[in-house]
Structures are given as structure tokens and as C-alpha cells.
Amino acid sequence: MVVRAKLWKVSILFALSLPAVFNPGLASGASDLASLRSGLAQFALDTHDPAAALRYTRNAVTEAERLVRAKALMVTGSYQEAEGLLNELLEGQYYRGQAALLLAELAAGHGGNGVREYLETAAKRASGSARQKALYRLAEIEREAGHTDRAGKVLASMEPGYWAALGYMNIAADYGRQDRNPSRALVALRVALAMSEGDVDSQRSQELRSRLLVRAGYLAYDHEDYEKAIGFLEKIPLESYRTPHGLYLHGLALSASGNQRAAMQSWHRAKKYPLAYPGVANAWLGTGRGYDLAGYLGQAGEAYLAANASYESERVTLRKLAHQIRQKGAYQALVLDARNSEAQWFLADNRTLTQPRTAYLIRFIEQPTAQATVNRVAELRDMRQTLNQREDSLAVFRGATSERLGPVGHDVGGGPFNEDIEVLVQRLANLKARTTSPAQREALKGAARTLADLKASVARLDGRLKEKDRTLNELITRTDLVRERIRAVRRKANALLGRAESELDELALAYVEAQDHRMAFALDRTEQQIAHLYEYLALENLERGQP
């Protein structure tokens, strides 16, 4: 028990010291309790529980608590209250930069003025990722206004990392649209690749690097610099989401440079991925084209027929997916079912992520509207589940409280107890009459005082029991009111959830329909290639005089 008590004390001290370590502004003046509250609020916010963050920061005192509360208010849509807190922090001591960045987001989201001024303040006052994000958004303002050179100057002042790499990638896209010569765009992409290496998030850095390599490879291929394109594309990691597109472009560059065998190898590797990914459908078609260019007409026909069958099968899959969306809803059919793998845990590996439904979910989530809609449905479902749990907890609490109530209209009155006490008092009086020694008399006096105290307590017992019942009844009444409020909120949440799920279903069905049109177009292309191949073979047979 002593060891457990010591461990508990050490763990409490460690938990209280964490916020002070990570928030230097708190260590100077805030109490340990405020630091712990702030840390719990930040944890709740990071784990997507803004309601808990608001509870922990209800009586926000320190600047750290106010910052977390402002973020939670923004998440929950209380923009005016959040703006008030952020304006206070803007005049504070520790979080002026972060407050300015959040105010810029509020102004940009509601069409307000002062976005640039807030971002400039954030770039001056903030540090780390907040400063880099502010500079990136300043560069984007310049770039979107057509001032690419000014945007480049802003990006040049940034530290290497994700935001700088993203900014240079956007500038490269502008250069690619403006210039016939790809030199400036390729230089910007090379700088972006170098900047991405400074990202502390290795997974995010790898994903951005893959995007940059695909863009650079396509740009070089589009301007017929095939060796440079091959050099870029060969650096794409094989486990990246961009891998199938990179393999397809790699095959195109190899085919254009005359190496048909190597091109077909790249396309064959791309064909192992689901057809939902960019480049995979074209890789099936490219394989047949590669055989055709290499002079293997029989294999070319087989490749075209295989592609045709693959596209037909994919259209069947898409029709089944559309039927499931109509039957079960898009969130269940496309999102939840994609998470649930039928593979046993000891057989599961990274290949389960290449399943067709997962691939279509990833492509669907790439759309900003789809992201927002899926997130809205997920939040409303979580809210409904939380409300159900709260109502169940209140029902259990109400039952336990009801069990502690006495019988209706009960009145103790001290009757049975008073009778027993009177009997004892009478017996004590009889003993007192027969007592001779001082010690015995003193003991009887103590017993008499005890009986008097018991009699007084019994006299107060009925009032206390009634007060207890009154308090419990008030608790039951308040519990019933809270349960009714929870039911009202849940009805609103269910109505909003129904609307959100309907919007998601419409978006998902439109997306699946677009994918079906894409497969139909690919199917038409293969049928045209097969027709051209048969026509060519027929002409060859006629020239040879064969029937």
C-alpha cells in the first residue's frame, strides 16, 4: 500500500508538471491546477472532443486556457465568442502570433477584412509551424493575385518544411501553365523536393514528395525530356498512394524512348492496383499498345481483351457499390465497410489497403466537399452515440436514486426507538438506586448522557429522513429534465444526421456514376483498339491472298 501511494503521488506530480514543461508561459504564474486543466483541455481538443475542452476551460484564467477555449469555440461554430477571446490574446503576452493566425482564418472564412494584416502579425509574432503556415498563406495571397515573383520572395524567407514545399509546388503549377519551357517549373519542383525533406512528419513528407515527383515526371514527359522524366518517376516509393500513376507515366516515358519491354513491365506492375487509382486504367490499355508497337499482334489482342474484361468487371463492381449506397447509405457502404477487412489479423498486411472499395473511398475523400460531408456525418453519429450513453447513465442514476427513497408518507417519529430508550432509562434508574460506589455512579451518569444523546438524535431522525427524501426527489426531477433535454437535442441531431447522410448519398452516387462513365470511356477505347487490330489483320490477310 505504501508503494502504491508513492506511485500515485509521483504520477500526480508528473501529470501536473507536463503542461508547465510544454507551455513556458504557464510555468511563471499559473497554478498546478490551472496547468492540469489546460493540459486536459488541449488533450480533449486534440482527440476531437471540443465539448470536453469547453468544460475544462469554463473558467479560463491563463492565456493557454483561453487559446484552447477559442479553438474549441471555432470548432463548435461559436465564432463571435472565439473572436472576442482571440482579440484579448492578441493584446496578451504569450500567444499573439497564434491568435493572429486564428483570427486570419476566421476573417477568411467569413469574408471579412484584415486577413493580410493578421497573417503579417502572425508571421512576426508566431514561431514554428504557426509562423510557416502564416507565411505560406501570405505567399498564396500574392500568387492568387498573379504576383508570382512576390510569392517567391515570401517563400524564400521560410524555413525548410511542409508549408514551404507546398508553396513551391503551387508556384511550379503556375509556371507550368504560363511557360512553354518547363525549366522554371522544374526548378520550383526541385526546390519543393528539397524543402519537403525538412518536414518533421515523415509520413506527410513522403506523401508530398511522391506528389512532387509525379508532377515533375509528367512535366518532363510532356516536354519530351524522357530521361529526366524517368529519373523523377523512379524515385517514387512503391508503397505510396501515387505509385500506380507514377508507374503508368514511367511506362509512357520508356515507351516514348523506344524501350517497349521495360514500359510493359511498368504497366504490368501498375495493373496490380485497383482501377480507381489514376493511371491504372490507362496501364491496361498501354500494355496492349506496347505489344502492338513491339510487333506482337497476338499478345496485343489478348491484352486488349483482358483490359476489356477488366473494365467490364469494374463496371459491375461500381453498379454493386451504387446499389449498396442506395440500400445502406453511403457512410455505411463506402466508409465503414471499407474499414472492415475480412482478412484475419495474422494474414492482414498493407495489401488490404489496395482493395477496390478502399481505393474508391480514398479517391472520393480527395474532394473537399466529400471530406466536409463525411466529417459532418461522423461527428453527428458520434454525437448521437454520446447522447445515448448520457441518457443511459442518467437512467441508471435515476433508478439508484429512487431506490434510496423511503416509503411514501413514512413517518419515523422515533416511536420504536423511544420505547427502547425509555426501557433503558428505567433500568438505569433502578441500577442507580442500588449503586453505592462513586465509580459506579459515574459510569451510570455516562450511560445516562449517552441515552439522552440517543433520544435527541431520534427526535431529529424523522426531519433528516424527510430532508433526504426531499433532496432525492429534487435530484430525480432535475434528472428527468436533463433527460428530456437530451432527447430534444438527440431529435435535432437525428434530423441533421438524416440531412447530412442524404447529402453524402447524393455525392457518393454522383461520384460512382462518374467512375462508371470513366470505365465506359476506357471500355470504348479498348473496343476501338480491338477493332483497329482486327481491321489491320484483315487487311494483312487480304494482301497475302488469304480468305
Side-chain angles (χ1 to χ4, degrees), residues 213-214 217-240 242-318 351 354 356 359 515-547:
L213 289 170
V214 168
Y218 174 76
L219 191 62
Y221 168 78
D222 192 47
H223 289 82
E224 300 181 358
D225 193 346
Y226 305 125
E227 291 186 7
K228 188 176 291 184
I230 292 170
F232 282 123
L233 296 167
E234 285 180 345
K235 297 177 183 178
I236 299 175
L238 290 178
E239 65 275 9
S240 170
R242 311 287 169 177
T243 300
H245 197 190
L247 288 171
Y248 167 66
L249 293 175
H250 185 252
L252 283 182
L254 289 170
S255 178
S257 61
N259 193 346
Q260 305 301 331
R261 182 179 294 274
M264 286 188 289
Q265 290 177 348
S266 291
W267 289 329
H268 181 71
R269 293 165 70 186
K271 285 161 52 178
K272 296 181 180 180
Y273 291 85
L275 283 163
Y277 292 131
V280 178
N282 290 331
W284 281 87
L285 191 62
T287 305
R289 180 63 176 165
Y291 279 121
D292 192 358
L293 293 174
Y296 299 102
L297 300 183
Q299 288 86 339
E302 293 177 359
Y304 287 137
L305 290 173
N308 192 290
S310 178
Y311 299 150
E312 287 282 8
S313 176
E314 194 69 10
R315 294 194 70 187
V316 173
T317 300
L318 288 168
R351 286 177 295 179
T354 62
Q515 294 297 311
D516 185 66
H517 289 331
R518 186 172 66 90
M519 288 296 104
F521 179 72
L523 188 63
D524 290 341
R525 291 175 62 189
T526 56
E527 290 176 350
Q528 290 175 12
Q529 292 294 333
I530 293 171
H532 290 324
L533 183 61
Y534 285 161
E535 182 181 359
Y536 174 77
L537 291 175
L539 292 174
E540 285 287 320
N541 290 334
L542 287 175
E543 290 179 1
R544 295 175 184 175
Q546 298 179 1

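Remember, it's a predicted structure, so these values are computed and weren't measured experimentally. Numbers here simply count residues along the sequence, with the first being 1.
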Student: Take the angle between the ring planes of Y226 and Y221 and call it parallel below 30°, perpendicular above 60°, tilted in between.
Tutor: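 The arrangement is tilted - the two ring planes meet at 30° to 60°.
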Student: Minimum heavy-atom separation for K271 to V280, with atom names?
Tutor: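 Looking at all heavy atoms of both residues, the closest pair is CA-CG1, 4.4 Å.
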Student: Closest approach of A229 and G217, non-hydrogen atoms and distance?
Tutor: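 Distance-wise, the nearest heavy atoms are CB-O, 3.4 Å.
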Student: Taking it one step at a time, do M264 and W267 satisfy side-chain contact (heavy atoms from CB on, under 4.5 Å)?
Tutor: CA-CA 5 Å; M264 286 188 289; W267 289 329; 4.2 Å; yes
Student: Less than 4.5 Å apart, any side-chain heavy atom of L213 and any of L233?
Tutor: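 Not in contact.
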Student: Does NE2 belonging to H223 count more than 12 external heavy atoms closer than 6.0 Å?
Tutor: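 Atom NE2 in H223 is crowded, with more than 12 foreign heavy atoms closer than 6.0 Å.
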Student: Let me confirm one number: the CZ-CG distance from R315 to L275, rounded to the nearest 0.5 Å.
Tutor: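 R315 atom CZ to L275 atom CG measures 12.5 Å (nearest 0.5 Å).
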Student: Shortest non-hydrogen contact from A263 to G251?
Tutor: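 That would be CB-O, 3.2 Å.
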Student: Could you pull out the closest heavy-atom pair between A281 and R518, with the gap in Å?
Tutor: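 Heavy atoms of A281 and R518 come nearest at CB-NH1, 4.0 Å.
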Student: Quick one: CZ on R525 to CG on L285, what's the gap to the nearest 0.5 Å?
Tutor: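 Here the rounded value is 5.0 Å.
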Student: If every non-hydrogen atom of L247 is compared with every non-hydrogen atom of S266, which pair is closest and at what distance?
Tutor: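 Result for this residue pair: O-CB, 3.6 Å.
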Student: Using atom types as modelled and distance alone, determine if a side-chain donor or acceptor of T243 lies under 3.5 Å from a backbone N or O of P237.
Tutor: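 Yes, T243 side chain to P237 backbone: donor-acceptor pair under 3.5 Å.
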Student: Is the shortest side-chain heavy-atom distance between T526 and W284 below 4.5 Å?
Tutor: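 The answer is no; the side chains never approach within 4.5 Å.
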Student: Check whether any side-chain heavy atom of T287 sits under 4.5 Å from a side-chain heavy atom of Y304, and report yes or no.
Tutor: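 They are not in contact (no side-chain heavy atoms under 4.5 Å apart), so the answer is no.
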Student: To the nearest 0.5 Å, what is the distance between CG on D225 and CZ on F232?
Tutor: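 D225 atom CG to F232 atom CZ measures 8.5 Å (nearest 0.5 Å).
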Student: Nearest 0.5 angstrom please: E527 CD to L305 CG, how far?
Tutor: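 Between atom CD of E527 and atom CG of L305 there are 10.5 Å.
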Student: Is there a side-chain contact (heavy atoms from CB on, under 4.5 Å) between Q265 and L254? Walk through the geometry before answering.
Tutor: CA-CA 10 Å; Q265 290 177 348; L254 289 170; over 6 Å; no
Student: Is there a side-chain contact between L523 and E312 in this structure, where contact means two heavy atoms from C-beta onward sitting under 4.5 Å apart?
Tutor: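 Side-chain contact under 4.5 Å: yes.
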Student: Once you round to the nearest 0.5 Å, how far does OH of Y291 lie from CZ of R261?
Tutor: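 That separation rounds to 8.5 Å.
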Student: Closest approach of G290 and Q260, non-hydrogen atoms and distance?
Tutor: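 Scanning both residues completely, I find the closest heavy atoms to be CA-OE1, 4.0 Å.
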Student: Answer yes or no: is there a donor N or O on one side and an acceptor on the other, between the side chain of S257 and the main chain of A253, under 3.5 Å?
Tutor: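 Yes; at least one donor-acceptor contact below 3.5 Å.
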Student: Can you label the angle between the H245 ring and the Y248 ring as parallel, tilted or perpendicular, going by 30° and 60°?
Tutor: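 The arrangement is parallel - the two ring planes meet at less than 30°.
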